[in-house]
Amino acid sequence: MKEDITDEAILALTTNRDTLEEGFRCLVMKYQRQLYQVIRNKLSSHADADDVLQNTFLKVFRHIARFEGRSGLYTWMYRIATNEVNNHYKRENRNKVIFLEDNEQYQADGYVNMDHLEQQVEIIVSMLPARQQMVFRMRYYDELSYKEIAAILDLSEGALKSSFHHAVKKIELKLRAEQIE
């Protein structure tokens, strides 16, 4: 099996009952690293990312026959992965209270502690509403354009820009509030 197999060849294999398994193996080999990275950038734990990746491929397997080709195969799977991350957040009940350690500071001797700052940002992002989390992570970590995000989430660019703006403002306010304490 080649990782350089075309999407068209993969789809041809997966639409034939006799070659379905081989086609799906090719699909997994070609896209599992990319999709894992997308999912991992949105989740804080490797185990959770593995679970979501597995759920993503299960959904892809179940619904590959319904793939209409209106977007690229990877874009379609990216959307499924994104929806699975949202489902994960809903299952994990992200509204739980997270206690921050009192003894850690953003600054020590005038220098910013970047590890601590990254941890704080991740905690704050995990407390945002699901859509804001997704848009923020896709824009900030995945560096996707609003147009790409709009295609994946099936939302308008204006709505995405608004969600991103609100997420950034909430993160800034929370960081400032914690810095003062």
Side-chain angles (χ1 to χ4, degrees), residues 7 10-11 14 24 27-100 117-175 177-178:
D7 289 351
I10 290 172
L11 289 169
T14 58
F24 195 69
L27 181 131
V28 170
M29 286 183 65
K30 183 171 182 176
Y31 289 111
Q32 78 178 16
R33 283 189 189 129
Q34 285 175 276
L35 287 175
Y36 174 81
Q37 197 58 47
V38 164
I39 293 166
R40 185 66 169 99
N41 285 341
K42 294 169 181 39
L43 298 173
S44 58
S45 109
H46 169 72
D48 288 345
D50 272 348
D51 289 345
V52 170
L53 181 65
Q54 187 173 25
N55 290 343
T56 298
F57 278 121
L58 284 171
K59 281 225 170 128
V60 167
F61 182 76
R62 281 190 212 128
H63 301 287
I64 192 84
R66 290 191 225 153
F67 175 69
E68 297 173 357
R70 289 186 292 180
S71 63
L73 183 59
Y74 177 72
T75 302
W76 179 71
M77 290 188 303
Y78 190 111
R79 177 179 276 166
I80 292 171
T82 299
N83 289 337
E84 285 304 305
V85 169
N86 277 336
N87 292 339
H88 172 80
Y89 281 127
K90 288 174 188 171
R91 282 190 302 271
E92 292 295 313
N93 188 8
R94 289 302 197 188
N95 294 326
K96 61 187 170 193
V97 176
I98 299 174
F99 295 97
L100 305 177
L117 184 58
E118 287 174 14
Q119 282 179 327
Q120 295 304 101
V121 168
E122 183 57 39
I123 290 168
I124 295 167
V125 168
S126 73
M127 294 188 302
L128 293 172
R131 180 186 287 176
Q132 288 180 8
Q133 280 187 49
M134 294 300 299
V135 171
F136 180 81
R137 291 176 191 279
M138 292 169 88
R139 181 80 175 134
Y140 185 76
Y141 294 117
D142 297 341
E143 299 177 357
L144 296 175
S145 70
Y146 288 115
K147 186 175 184 174
E148 292 170 315
I149 299 169
I152 291 165
L153 296 180
D154 197 27
L155 295 170
S156 73
E157 288 185 45
L160 294 173
K161 288 177 182 178
S162 176
S163 287
F164 183 75
H165 173 76
H166 289 298
V168 169
K169 287 297 174 196
K170 286 177 183 177
I171 293 167
E172 285 176 0
L173 288 172
K174 187 72 172 162
L175 285 173
E178 289 175 10

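Start at 1 with the first residue, then count along the sequence. In this text, all values refer to a predicted model and were calculated from it rather than measured experimentally.
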For the residue pair [X] and [Y], establish whether any side-chain heavy-atom pair is separated by less than 4.5 Å.
{"X": "Arg79", "Y": "Asn83", "result": "yes"}
{"X": "Trp76", "Y": "Val60", "result": "yes"}
{"X": "Met77", "Y": "Leu27", "result": "yes"}
{"X": "Leu73", "Y": "Ile64", "result": "yes"}
{"X": "Met127", "Y": "Lys174", "result": "yes"}

Within residues 56-67 or reaching into it, pairs that qualify as salt bridge (Lys or Arg N to Asp or Glu O under 4.0 Å) - sequence neighbours excluded: Lys59-Glu84
Salt bridge (Lys or Arg N to Asp or Glu O under 4.0 Å) contacts touching residues 126-139 (sequence neighbours left out): Glu122-Arg137
What distance do [X] atom [atom1] and [Y] atom [atom2] have between them, rounded to the nearest 0.5 Å?
{"X": "Asn87", "Y": "Ile80", "atom1": "CG", "atom2": "CD1", "value": "11.5 Å"}
{"X": "Asp7", "Y": "Phe67", "atom1": "CG", "atom2": "CZ", "value": "7.5 Å"}
{"X": "Lys30", "Y": "Ile10", "atom1": "NZ", "atom2": "CD1", "value": "5.0 Å"}
{"X": "Gln32", "Y": "Thr56", "atom1": "CD", "atom2": "OG1", "value": "12.0 Å"}
{"X": "Ile171", "Y": "Gln120", "atom1": "CD1", "atom2": "CD", "value": "12.0 Å"}
{"X": "Asn55", "Y": "His88", "atom1": "CG", "atom2": "NE2", "value": "10.0 Å"}

For Gln132, all residues meeting side chain to side chain donor-acceptor pair (under 3.5 Å), sequence neighbours excluded: Lys170
Partner residues of Asn86 under the side chain to side chain donor-acceptor pair (under 3.5 Å) criterion, sequence neighbours left out: none
List the residues meeting side-chain contact (heavy atoms from CB on, under 4.5 Å) with [X], not counting sequence neighbours, and say none if there are none.
{"X": "Gln37", "answer": "Asn41"}
{"X": "Phe61", "answer": "Leu20, Phe24"}
{"X": "His165", "answer": "Lys169"}
{"X": "Ser145", "answer": "Lys147, Glu148"}

Closest non-hydrogen atom pair between Lys42 and Val85, with its separation: CB-CG1, 4.0 Å
If you look only at distance, which donor and acceptor atoms sit under 3.5 Å apart when one is on a side chain in residues 149-164 and the other is two or more places apart or in another chain?
| residue | atom | partner | partner atom | Å |
| --- | --- | --- | --- | --- |
| Ser156 | OG | Ala159 | N | 3.1 |
| Ser162 | OG | His166 | NE2 | 3.4 |
| Ser163 | OG | Ala159 | O | 3.3 |

Aromatic plane relationship, Tyr78 with Tyr74 - under 30° parallel, 30 to 60° tilted, over 60° perpendicular: perpendicular
Atom CD of Gln54: over 12 foreign heavy atoms under 6.0 Å: no
All salt bridge (charged side-chain N to carboxylate O under 4.0 Å, His left out) counterparts of Arg70, not counting sequence neighbours: Glu68
Results of salt bridge (charged side-chain N to carboxylate O under 4.0 Å, His left out) for Arg40 - residues two or more places apart only: none
